[in-house]
Amino acid sequence: MSENILELQNIRKEYPGVVALNDVSLGFKKGEVHAIIGENGAGKSTFIKIITGAIEPTLGEVFFENKKLNKATPADRLELGITAIYQEFNLFNHLSVAENIYFNRFDKQKGLIDYSSIEEKSKKVLNKLGIKIDPKTLVKNLTVGYQQLIEIAKSISRTVKVMIMDEPSAPLTNNELKFLFDIIRDLKADGIAIIYISHRLEEIFDVCDKVSVFRDGNYLETKTVRDTNKEELIKLMVNRELDDSFPHIELEKGEKVLEVKNLKSNHLKDISFAAYKGERLGFAGLVGAGRTEVARAIFGADKLNAGEIFIEGIKVSINNPEDAIKFGIGLIPEDRKHQGALLHLSIKENISYAYMRKIANLLGIINDKEEEIIVKEQINSLKVKTPSALQLVKNLSGGNQQKVVLAKWLLMKSKILIFDEPTRGIDVGAKQEIYNLMNELALMGKVIIIISSEMPELIGCSDRIIVMSEGKITGELIKENITQEKILELASITEEEQNAKY
Ligand SMILES: Nc1ncnc2c1ncn2[C@@H]1O[C@H](COP(=O)(O)OP(=O)(O)OP(=O)(O)O)[C@@H](O)[C@H]1O
Ligand SMILES: [Mg+2]
């Protein structure tokens, strides 16, 4: 008899050309928060899916409370108390919180859904988690952070014994993250086994007891969090020494490339700023401050009510992303899943699509050989983990999908590149590569605009930071004067305070 509530033995998972997991054995205990870390493509999500029954292992066994789970379907496992929260939510936006929590398990009265009953029960679940929202609220009206919490509420409304969280923190603000950690501590105190996946190593030290490291589909070892440190974990993950500081290079600021005057949209209130050749310009602000809206407005993705955009001194009219691309603007969007990658196409098709269309317009033909070489170069320089360039993007790990979107934009030869949350879901090693890449692009004279909620990253990467709050620019900080405190102060100025000031 094992004292582990969940135990995986000799798990192997093969895909054509890929060994996603190779002979992994690992157990989990009640009341313990157990992190799994590893580079993009190391096998973390595959491991999770084998636990939930979403996929079947090629070899190996899963034991739950000392019983083999072989034939158990995902629904059976959910019933047994094994639940997972994925990075993409499974919520129905147009339904209420209560309807989401009790979806498919409605109490009925005379054949009709008994709303007061599910609302009452939802209220109890939400109270237990300390979430103060009305169960009648429609999910689409909640912030991403709250939607995440509703996923958790949904899970704990059943019997839960094992709760898996695959990168739960990626979309959360600092406060929401603290709240998530409080909930995790409560779940732990209730004896639930928690499996936690994250690329942000600080979080492991905040909330986890144990940490297991995967590399290239292999399980390496498990450490007690108390007895390890960030450097050791990074070294285990990437198999080399890695300095996780920001590789900043000093650059002369060149002439003005982009100028934005009095941009107004439904959410933006009179945004004006300029950006210069070789400059790395950061945008800071809380979630919802309007940073992504500024990016989308410049890129022609959202409708503007007013405002002018100048590129190299010439006024341009940008009505859609095609226009923006034509004027040399590239946007690597925050929501890469939905806006960036064509999941059902291959890596090659994704990378070369936009770029090739551009040269095909000039030449009328696409040169296969050239295309292949270009795509290979990108795969190598960004270290996309894949058996071949023909692999479908949907078969790549989350982080590697993001690299493909990046590659596509890097090839577009844009003058202005906007990176919205460029390292979300990306492992430590690849983060460094992206920082180096931003530096190289700046060195080539491009304008780099960076939006990031990770404060150390934003500070480390930017020459200048514009801070936004509630759709307005509330301040600007230059390299020497940038501190986390100053950013936070500017980011929390409310509209009333702004009005009082002027
Ligand atoms: N359906 C599939 N077909 C082919 N290969 C797949 C499939 N699913 C996963 N893989 C491959 O298995 C490997 C492990 O992927 P997995 O998603 O488990 O990585 P991960 O550790 O979760 O990475 P990330 O941090 O990027 O999310 C990757 O090389 C991936 O491309
Ligand atoms: Mg994953």
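Numbering of ligands and ligand atoms starts at 1, following listing order.
- One finds no salt bridge joining E32 and K188 here, because no Lys/Arg side-chain nitrogen approaches an Asp/Glu carboxylate oxygen to under 4.0 Å.
- Distances shorter than 2.8 Å separate the Mg ion (ligand 2) from the protein N/O/S atoms S45 OG.
- In this structure, Q378 contributes its side chain and I351 its backbone to no donor-acceptor pair below 3.5 Å.
- For the residue pair S346 and Q391, no side-chain donor N or O sits within less than 3.5 Å of a side-chain acceptor on the partner.
- Geometrically, K67 does not engage F63 in a cation-pi contact defined by less than 6.0 Å to the ring centre and at most 45° from the axis.
- Qualifying side chain to side chain donor-acceptor pair (under 3.5 Å) partners for S452, counting only residues two or more places apart in sequence or in other chains: E457.
- Electrostatic pairing of K128 and D190 counts as a salt bridge here, judged by a charged N lying under 4.0 Å from a carboxylate O.
- Remark: K223 engages E232 in a salt bridge, criterion side-chain N to carboxylate O under 4.0 Å.
- Sorted by chain then number, the residues whose non-hydrogen atoms approach ligand 1 to under 4.0 Å are Y15, V18, A20, E39, N40, G41, A42, G43, K44, S45, T46, E167, H199, K385, Q391, N395, L396, S397, G398, G399.
- Using a cutoff of 4.0 Å between basic side-chain nitrogens and carboxylate oxygens, R200 and E203 are scored as salt-bridged.
- Listed by first and then second residue, the salt bridge (Lys or Arg N to Asp or Glu O under 4.0 Å) pairs involving residues 15-30 are E3-K29 (not counting sequence neighbours).
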